[in-house]
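Okay, structure first, notes after.
None of the values given here were measured: they were computed from a predicted structure. Just so it is clear: chains get the letters A, B, ... in the order the sequence lines come, proteins before strands, and each one is counted from 1.
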Amino acid sequence: MTDPILSAFVDGNQVSIWRRDAQGKLFERRERAEWVAYLRAADVDEALARQLRSSRFTREFKVEGSWARLGFKDDYVRSQMCRTRGENTSFFDSKGVKTYEADVGAVRRWFTDTGATIEKPRRCYVDFEIDSRVPFSRKEDARVLSWAVVDDGETALVRVLAEETNGAEGDLLGELWELMEGYDQVLAWSGDGFDFPVWWARTDLLNLGVETRRLHYLDHLALFERMNKMSAESGDEKQSMKLHSIATAILGHGKDDFDASRTYESWAAKDPRLPKYNLKDAVLLREIEEKTGFGDLFNTIAEVCRVLPDSRGLLPTQQMDGYMLRLGQERGVRFPTKFYKEGLKPEQYEGAHVMEPEFRGIARGVHVADFASIYPSIILTWNMSPETWRDASPAGPVPEGLCRCPLTGHHFDNGAEGILPTALRDLMSKRQVWVEKKAELPPGTEAWHAAGRKSAAYKVVGLAFYGVVGSMFSRYFDKRVAESITQNGVWLLKSTIAAAAERSLRVGYGDTDAIFVDNVSDTEFAAFVAWCNAELFPAMLREAGCVRNEVKLAYEKKFRSLVIVAAKSYVGFWEHYKGKQAEAGAKPEIKGLAYKRGDAALLTRRLQGEMIDLIGKGHLRAEPYREALDRALRHVLNDQLPVEEIVIVKGISKPLHEYGKGGGDDDEKGTEPAHVRVARALRERGEHVGEGTRVEYFVADGSVSPQVVLPIDQYGDVDVDRFYYWEKQVYKPTQALLEAAFPDVDWKTGYERVRPPKARGRKARVLEGQLGFEASTPAAGACVVDLLESEEGVFEDIKAAVVRYPGTKQLVLHVRLASGALAVLDSRLRVSGSQRMLAEIYGLRLAARAATEAWEASLL
DNA sequence: AGCTTTGGCTAGCGGC
DNA sequence: GCCGCTAGCCAA
C-alpha cells in the first residue's frame, strides 16, 4: 500500500505524483509510466514469449499465474501493437491473441498496481471575467480582466487587471497560480466549457511556466446536474442551468445585477461593480456547495472508486473502472481491452416491466411495496458477473451448481462469488456502516450529514454499476448479464403481481420494482409482503437454482389518495411512509406530470400545482376546480403575462447541423424542431449555441405550421399566441390530470377550444358592426375601428371580427392585412401573427399604440 | 472526441 | 385526423 496522494498525471513516460508534507507544502515524486497489456498465459507460446521478451518495443514480460504482464516502451507502441484501426490490423489481433486492459492509462495503472488512494482535496471556487468584446468562440484570445477565488474557509479574494498589457495580465494570473499552491481542486460553473480552457490558454500564451496539470478541475455545473437528478423537486429548478437561476432556486438569491456582456467597458471605467460581481459569483459556488454537499459527496465517491475528483471522475464508466480494476488486481482477474469506439454495433436489450395503470379516478388507500435496490440484489442473488456466466441449455432442469435466469435462459455459476457481486456487496456493506453510523449520530450535526453523504455515495456508485455493464462503451459490457438483470426484475415483479391477484389484491399499477395495491388493509398488505419474502421468493429462487437470496420486498408507503394520469405519471398524497404517519400538510409525491418538467411554462406548472392542491384538500365537486380554471383562462387571455410565466425552455442535445431528418441535403431536411429554429436565430445574431445550451423561447403563433417561435428577449415586441398557450401549453396537461381524477366530468366544454374561428369575408363585416355592443369598453372598440379605417395604405381591405371568449370579457379583432395575411389584435391592442408579417405588424402596433394612448387620454 | 441502462409520455411536423 | 418519425424529458 502507498500513502494517499493528492494528484497524479502522465508526463511523457513518467507519472507525476503529488502529495503534501505535514506543513501542507506540496512535493512531487515521479515514477515510470507503465504502459501495460495483459495476455492469458495460455495464449502465449514459447516463440511468442521469446519475441515479446526480446522486442525493442517492450520493456517487461513476466508471467504471473495465469496472466502474462507485458510492459511496452511507451503508449504509442502499445497502441500500435494492440489496437486495430480500420485496415490496420494490430500485432495481437493478427496473431489472434486477445489482450486485456491494453487501453488502461498510466495513471489508472499506477493506482491499480499500487492500491494508492486519493486524499481529500483542498477545494476552492474560481470565476473569471474576460474581455467581453471577444466572441465566445474565440474566448481563449480574450484578456482576463479579473478573477475571484473563494474557499470553504475565510478566503474570498478578487483581483483586477491593472492595465491592458501582457505584463499586467501575467502578474494577475501569476498571483492566482501562487494562490493555487494552497489548493488541489478548483470548481467553476461551466468551467469545462469556459473558465478552465481560458485559464489554461492564457497561462500558456503568457509563458507563465507553471504546472497547470496538478489541479483537479471540476465543472460545478456538471457536478450539480449529475447529483441533482436524484433529488430535483419541481420543474422550477430545471428550467435554466445558469448560475443565477440555480442559485436563486437553491439559495433564494442570485447574482449581482450587472451587465456581463460589457465587462470590458466596465473594466475600462474602473467600475467597482466588476470585481464585486466577479467575487459574488465565486461566493455563490461556495454557498451552493454548503447547501447541497454535492462536492463532498463526489469527493467521497472519488475516494471509494480511486478516481481523480475532477470532471472526468464524474463519469460512471470511470468510477467503475477505478473500482473494478483494483478489485481485479487483488483477485487476479483481468478485464477486456476496450479502445474507444472500436467495432461498436448497437446491442440493445429488454428492460423493465411497466404496467398499464388500471386505477380509475381518485384511488383511495393505495399501498406501495418495492424491491430494495432491485438490480444490485438480483446481481448478488444470481451471482451475475461476466466471468460466472455459464453455457447451458435453457430448457430442462437447471444444471447442478448453476442458477438460471428464467426469462433469458442464461446461467451463472453458484460457486465462488463473481467479481461484480463482490464489488456490489462491498459497496452495500460499506454503505450499511454509514447508514448505521448516521442513525447513531445526533441528527443535523456535521458528522450526521457527512455519514449520510457517505452512505449516499455508496448507493449511487452501486446503482451505476448495472448501467455500466449495460453500456457498450464500457469494458464491462455484457449484454447477457445486463439483460438477465433486467429480466429477472421483470420475472420477480410479474410473479408478485400475479401472486397478489391470486390472493384478491387489486394491483392497479407497477413499474420496474414497485406494485400499487388499493383494496386491502395495512395488516393484510403487510402480511402479503411478508409472505412474498418468506414463501414466494425463496420458492421461486430455489426453482431457478439460486443458492443465495438477497431479494427483498418492502412495504414502503401508503397513499391516502392517488391519481394516476398515465404510466410514470401520477400524484399521490401519503398516509404513511416507512411506518411514519405523514404530516397533514405534507407535500404530495409527484411523478412525471408537467408540474415536474423543466420544459413546461410556469403558467402550466402553476395551474397543475393548483389542481393538485385542490385534489389534496379533498374537493370532489367540479366547482372549485372550474373557478381556478376560469381564473387561469382569464389570466392567460387578458392579462399582461410576465415573461417568466410564458417562457419555454428546451435543451440542445447535439450540434445544430445534426438536426433535421435523415441528415440528407439541406433541401431535403424537414423543418427542425421549434427550439432548434430559435437556436439558429440566436446563433445568427452571434450568441454561443451548442450542445447543452438551453434555449429560451415563446410561441408567437401556434396556429400555423411550423409554429412561429421567437427568442424570449423578443417578448414584449411581440405577444404570445394566447390561444395556443391556453389550449396546448397550459390547459392540456391539467385537463389530462382532471380527466384522470374525475373521469365522469366534462372537462372539455369552455376550456379545450378557445381560439376563435378564422374571420373571413362578409361575416367579419357583420361582426364589425357589433363592435360597439360587444366590447366591454365601447370607446376602445370605436377607437380601433377608426384607426383601422384611417390606415388605408396598410389595411386596404379591413375585415375585422370581434370575438368574445367564454368566461371572459376578452375582445379580439382579426384583421386581414393588405398582403392577405391575418393579424390578431387583442383588447389591449397587442398583436400576434406569423413571422413573415412581422414588419407589417410592427407598423400596426405603432399605430395601435397611438390609438390606445389617444383613447386613454380621452378618458381623463 | 467521451459516452450508465431501457421504458414511457408528449409535442411538433409532414405526408396521406 | 391518423400515422410515422424525431426529439426532449422524466421514472425506474
Selected nucleotide, minimal atom distance to A/His675 side chain, candidates B/dG12, C/dA7, B/dA11: C/dA7

Measure from CD on A/Glu739 to P on B/dC9 and round the result to the nearest Å. 16 Å

Please tell me whether A/Phe412 and A/Trp382 form a close aromatic pair, meaning their ring centres lie under 6.0 Å apart. no

What is the separation between atom CD on A/Glu589 and atom C1' on C/dA12, rounded to the nearest whole Å? 12 Å

Which part of the nucleic acid, if any, lies within reach of A/Lys654 when heavy atoms closer than 4.0 Å are counted: base, sugar-phosphate only, or nothing? sugar-phosphate

Generate the contact string for nucleotides 3-8 of chain B. Rules: B means base contact, S means sugar-phosphate contact only, - means no protein heavy atom under 4.0 Å. BBSSBS

Just to be sure I understand the rule, does A/Arg677 reach a base, reach only the sugar-phosphate, or reach nothing, if contact means heavy atoms closer than 4.0 Å? sugar-phosphate

Write down the distance between NE2 (A/His657) and P (C/dT6), rounded to a whole number of angstrom. 18 Å

Quickly work out the A/Glu691 CD to C/dG8 C1' distance and round it to whole Å. 14 Å

Counting just side-chain N and O atoms, does A/Tyr697 come under 4.0 Å of either OP1 or OP2 of B/dG12? no

What's the CD1-C1' distance between A/Ile648 and B/dA11, to the nearest Å? 11 Å

Quick one about A/Asp192 and A/Ser311 (side-chain donor to acceptor, distance below 3.5 Å, no hydrogens or angles considered), yes or no? yes

Give the rounded distance in Å between these two atoms: CG of A/Asp721 and P of B/dG12. 11 Å

A/Tyr555/A/Tyr577 under ring-ring contact (aromatic ring centres under 6.0 Å, His included): CA gap, chis, key distance, verdict: CA-CA 9 Å; A/Tyr555 184 175; A/Tyr577 186 90; over 10 Å; no

Atom pair CD (A/Glu483) and CG (A/Asn488), whose distance is rounded to the nearest 0.5 Å: 10.5 Å

Mind checking A/Tyr476 for me? I need base, sugar-phosphate or nothing, with any heavy atom below 4.0 Å counting as a touch. nothing

Tell me, with the steps shown, if A/Tyr751 and A/Tyr731 meet ring-ring contact (aromatic ring centres under 6.0 Å, His included). CA-CA 7 Å; A/Tyr751 302 114; A/Tyr731 185 57; 5.6 Å; yes

When we call it a touch if two heavy atoms are under 4.0 Å apart, what does A/Tyr570 touch: a base, just sugar-phosphate, or nothing? sugar-phosphate

Pairwise C1' distance, C/dA11 and B/dT4 [rounded to whole Å]: 15 Å

I need the A/Met355 CE to A/Ile497 CD1 distance, nearest 0.5 Å. 5.5 Å

Return the OG1 to CG distance between A/Thr604 and A/Leu593, rounded to the nearest 0.5 Å. 12.5 Å

Rounded interatomic separation in angstrom, taking CD1 from A/Ile374 and P from C/dA11: 18 Å

Provide, to the nearest angstrom, the distance between the CD atom belonging to A/Glu225 and the P atom belonging to C/dC9. 10 Å

Could you tell me whether the phosphate oxygens of C/dA11, OP1 or OP2, come under 4.0 Å of any side-chain nitrogen or oxygen in A/Lys596? yes

Option passing salt bridge (Lys or Arg N to Asp or Glu O under 4.0 Å) with A/Glu739 (candidates A/Lys732, A/Arg360, A/Lys748): A/Lys748

Of C/dA12, B/dC13, C/dG8, the nucleotide closest to the side chain of A/Lys591 is C/dA12

Within less than 4.0 Å of OP1 or OP2 of C/dC10, is there a side-chain N or O belonging to A/Tyr595? no

